[in-house]
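Worksheet: the structure to be examined is printed underneath.
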Amino acid sequence: MSEQRPAVSPEEIERLFVKLNKEAESAGYHLNPNKEFTLGLIEGMLVNERRYGYWACPAGLPPA
């Protein structure tokens with residue numbers, strides 16, 4: 001039986017992107033300049049937050 005992937009809205013992903021980008025820049029860091037890639041990672045973090053209760057690394061997640 002396959003596990004259902006929790007839904008994450010594009011608006012949620014964009015809001016977190018803006019927040020993380022602002023935090024990174026204020027600390028002298030930069031997110032990956034490939035925005036689509038970065039948004040995919042952020043989506044994975046949000047999915048894992050819903051699954052596990054925290055931002056687990058999305059590496060190795062099966063595609064949606």
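For reference, positions follow the sequence shown, starting with 1.
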Closest contact, heavy atoms only, [X] versus [Y]:
{"X": "L20", "Y": "L31", "answer": "C-CD1, 4.2 Å"}
{"X": "R5", "Y": "R51", "answer": "CA-NH2, 3.8 Å"}
{"X": "E25", "Y": "H30", "answer": "OE2-ND1, 2.9 Å"}

Exercise for the section: Kindly indicate, with the supporting measurements, whether the criterion side-chain contact (heavy atoms from CB on, under 4.5 Å) is fulfilled by E12 and E43. Expected result: CA-CA 9 Å; E12 290 175 277; E43 178 183 11; over 6 Å; no
Linking I/L/V/M/F/W/Y whenever any side-chain heavy atoms sit under 4.5 Å apart, do [X] and [Y] land together?
{"X": "Y29", "Y": "L39", "value": "no"}
{"X": "L41", "Y": "I13", "value": "no"}
{"X": "V47", "Y": "W55", "value": "yes"}

Exercise for the section: List the steps, then state whether side-chain contact (heavy atoms from CB on, under 4.5 Å) holds for R50 with L46. Expected result: CA-CA 6 Å; R50 287 189 169 91; L46 290 168; 4.2 Å; yes
Practice task
Decide salt bridge (charged side-chain N to carboxylate O under 4.0 Å, His left out) for K19 and E23; before the verdict, give the C-alpha distance in whole Å, the side-chain angles of both, and the deciding distance to 0.1 Å.
Solution key: CA-CA 6 Å; K19 178 183 181 223; E23 289 176 6; 3.7 Å; yes
Practice task
Starting at CZ of R15, measure out to CD1 of I42 and round the result to the nearest 0.5 Å.
Solution key: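 Spacing of CZ (R15) from CD1 (I42) equals 12.5 Å.
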Problem - Nearest-0.5 Å distance, CG of residue L16 to CG of residue N21 - result: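 It is 10.5 Å, given to the nearest 0.5 Å.
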